[in-house]
Amino acid sequence: MSSPQGIEVPDSLIASCTRNGAEEERTWIAGLPALVAALLDRWELERDGAIGSGEASLVVPVRRADRSRAALKLQMPREETTAALIGLRAWNGDGIVRLLDHDPESSAMLLEHLNGTRTLASVEDDDEAMGTLAGLLSRLHAVPPPEGLRRLGDVARGMLAAVPAAVSALPDPADRRRLRGWASAVAELVDEPGARDRMLHWDLHYGNVLAAEREPWLAIDPEPLIGDPGFDLWPALDSGREGLQATGDAPRVVRRRFDLLTEALGLDRRRAVGWTLGRLLQNTLWDIEDGRTGIDPSQTAMADALPGH
């Protein structure tokens, strides 16, 4: 899809945003070329390379009036996009891409330029890569959480409420027992005091850490949430799943990563295991909502690899 200004929306973004057939998504996609053109004009930006996209966002490389490089990112205005803006403002570039400007009406963001072709997955030594990721998480968690973000306790209670219906959708008794076990682990933690509540990234894995000029590596694409930092571990533990399997001993690598992360972040290991099981519970609930009738083997493998399992 393109406009007279030559602004093209990648087919992959069109497909991912319109596969459910919702009118809101189709309208947003149709208006993207005109919106990009208007923002380029308003912020005095000049296109500087090929347009890219993620699962739900359009990214336009640009140069500002002072010739510095930046990236114009557009996502549908929704709760997750608002949370990202709140988080980026609070972090103010500390370990994460810097927000240069934003448009409240469209939720468009002008971000500092990063090297989108080089992610942390390019680092061959897994201990080095995981150490870098842990350092970024530590910095992100150190920033006081602002108002306006969802809390993990509320998310977790919503998950627990959905478990009975989800269990009934699983025909395999072993899957039903496993899902109940994960829910029990979350139930033990959900009402504990929130003294460890931090602002979480929620999706920090190797692919969401890019090479930068201001620092060697910076995080991108946060989905901020306030809660226990143990809930932030699963994406890192699961980073490069295909590469994990290729090692021939994925459980050992997962446990090594868990050790590195919990030590670097100063986490209680029991709580970290429990909240990681909470991520597996959340992933499986989403899968069941999408029509799956069994727990994904990758979730089971992750659970089995955790310490004490």
Side-chain angles (χ1 to χ4, degrees), residues 10 12-13 16 36 43 45-64 67-75 80-81 83-102 107-143 199-225 229 232-244 257 260-261 264-265:
S12 58
L13 179 60
S16 66
V36 171
W43 285 335
L45 304 173
E46 175 185 316
R47 285 183 54 188
D48 186 42
I51 291 176
S53 67
E55 180 74 14
S57 63
L58 186 77
V59 180
V60 185
V62 296
R63 286 192 182 270
R64 306 173 79 188
R67 305 306 297 163
S68 63
R69 302 174 75 184
L72 178 61
K73 181 178 180 179
L74 299 97
Q75 291 178 278
E80 294 86 349
T81 315
L85 283 165
I86 292 172
L88 288 171
R89 283 197 295 266
W91 280 311
N92 193 29
D94 188 356
I96 199 164
V97 65
R98 179 166 284 145
L99 179 68
L100 304 175
D101 208 339
H102 79 281
S107 295
M109 308 177 197
L110 187 65
L111 302 168
E112 74 173 297
H113 168 75
L114 303 181
N115 183 353
T117 66
R118 185 165 179 245
T119 74
L120 195 55
S122 64
V123 176
E124 293 185 5
D125 186 305
D126 194 65
D127 280 4
E128 179 185 347
M130 193 56 55
T132 296
L133 189 148
L136 293 175
L137 271 182
S138 180
R139 292 166 64 184
L140 297 178
H141 292 168
V143 174
M199 182 163 52
L200 311 181
H201 182 286
W202 204 348
D203 195 28
L204 195 60
H205 51 79
Y206 288 168
N208 273 347
V209 179
L210 299 184
E213 297 173 3
R214 178 165 56 89
E215 297 191 27
W217 301 101
L218 290 170
I220 63 168
D221 290 350
E223 300 178 27
L225 178 74
D232 243 356
L233 300 191
W234 172 77
L237 297 174
D238 196 52
S239 281
R241 187 180 300 166
E242 293 182 1
L244 270 177
R257 290 176 173 183
L260 287 170
L261 287 166
L265 300 175

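For the atom pair CD of Glu46 and CZ of Arg67, the computed distance is 4.5 Å after rounding to the nearest 0.5 Å. To the nearest 0.5 Å, atoms CG (Leu74) and OG1 (Thr81) are separated by 10.5 Å. Remark: Leu261 CG to Leu204 CG distance equals 9.5 Å, nearest 0.5 Å. Here CH2 of Trp217 is found 10.0 Å from CG of Leu136. Values are rounded to the nearest 0.5 Å. Taking CG from Leu114 and OG1 from Thr119, the interatomic distance works out to 12.0 Å, rounded to the nearest 0.5 Å. Leu133 CG to His205 NE2: the interatomic distance, rounded to the nearest 0.5 Å, is 9.5 Å.
With sequence neighbours left out, the side chain to side chain donor-acceptor pair (under 3.5 Å) criterion links Glu128 to no other residue. Asp232 is linked by a side chain to side chain donor-acceptor pair (under 3.5 Å) to His141, counting only residues two or more places apart in sequence or in another chain. Applying the side chain to side chain donor-acceptor pair (under 3.5 Å) rule to Thr132 yields no partners; only residues at least two apart in sequence or on another chain are considered. For Glu55, the side chain to side chain donor-acceptor pair (under 3.5 Å) partners are Arg19, not counting sequence neighbours.
For Gly87 against Met199, the heavy-atom pair with the smallest separation is CA-SD, 4.0 Å. The two atoms that bring Pro222 and Ala84 nearest to each other are O-CB, 3.7 Å, heavy atoms only. Residue Ser12 comes nearest to Ser53 through the heavy atom pair OG-OG, 3.4 Å, listed as atom of the first residue, atom of the second, then distance. Here the shortest heavy-atom pairing between Leu218 and Gly93 reads CD2-O, 4.4 Å. Shown here for Ala129 and Leu120, the closest heavy-atom pair between the two residues is O-CD2, 3.3 Å.
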Checklist entry - After noting the C-alpha distance and the side-chain angles of Leu111 and Ile220, does the key distance pass the side-chain contact (heavy atoms from CB on, under 4.5 Å) rule? => result CA-CA 10 Å; Leu111 302 168; Ile220 63 168; over 6 Å; no

Checklist entry - When you look at Asn115 and Leu210, which way does the side-chain contact (heavy atoms from CB on, under 4.5 Å) test go after all the steps? => result CA-CA 6 Å; Asn115 183 353; Leu210 299 184; 5.7 Å; no

Next on the checklist: Could you go through Leu233 and Leu265, starting from their C-alpha distance and side-chain angles, then the distance that decides it, and tell me whether this counts as side-chain contact (heavy atoms from CB on, under 4.5 Å)?
Outcome noted: CA-CA 10 Å; Leu233 300 191; Leu265 300 175; 3.9 Å; yes

Next on the checklist: Show, in sequence, the C-alpha distance, side-chain angles and deciding distance for Tyr206 and Met130, and conclude whether the side-chain contact (heavy atoms from CB on, under 4.5 Å) test is met.
Outcome noted: CA-CA 8 Å; Tyr206 288 168; Met130 193 56 55; 3.1 Å; yes

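At least one side-chain heavy atom of Ile96 sits less than 4.5 Å from a side-chain heavy atom of His201. Contact check for Val62 versus Leu110: side-chain heavy atoms found under the 4.5 Å cut-off. At least one side-chain heavy atom of Arg89 sits under 4.5 Å from a side-chain heavy atom of His102.
Of the possible donor and acceptor atoms, none in the side chain of Trp43 sits under 3.5 Å from a partner among the backbone N and O of Arg64. Using a distance-only test at 3.5 Å, with no hydrogens or angles considered, a donor-acceptor pair links the side chain of Asn208 to the main chain of Asp203. Using a distance-only test at 3.5 Å, with no hydrogens or angles considered, a donor-acceptor pair links the side chain of Arg257 to the main chain of Leu237. Side chain of Ser57 to main chain of Lys73: no donor-acceptor pair is present (N/O by atom type, distance under 3.5 Å, no hydrogens or angles).
Within the structure, the salt bridge (Lys or Arg N to Asp or Glu O under 4.0 Å) test picks out the following pairs touching residues 108-118 (sequence neighbours left out): Glu112-Arg214. The stretch residues 92-102 participates, sequence neighbours left out, in these salt bridge (Lys or Arg N to Asp or Glu O under 4.0 Å) pairs: Asp94-Arg139.
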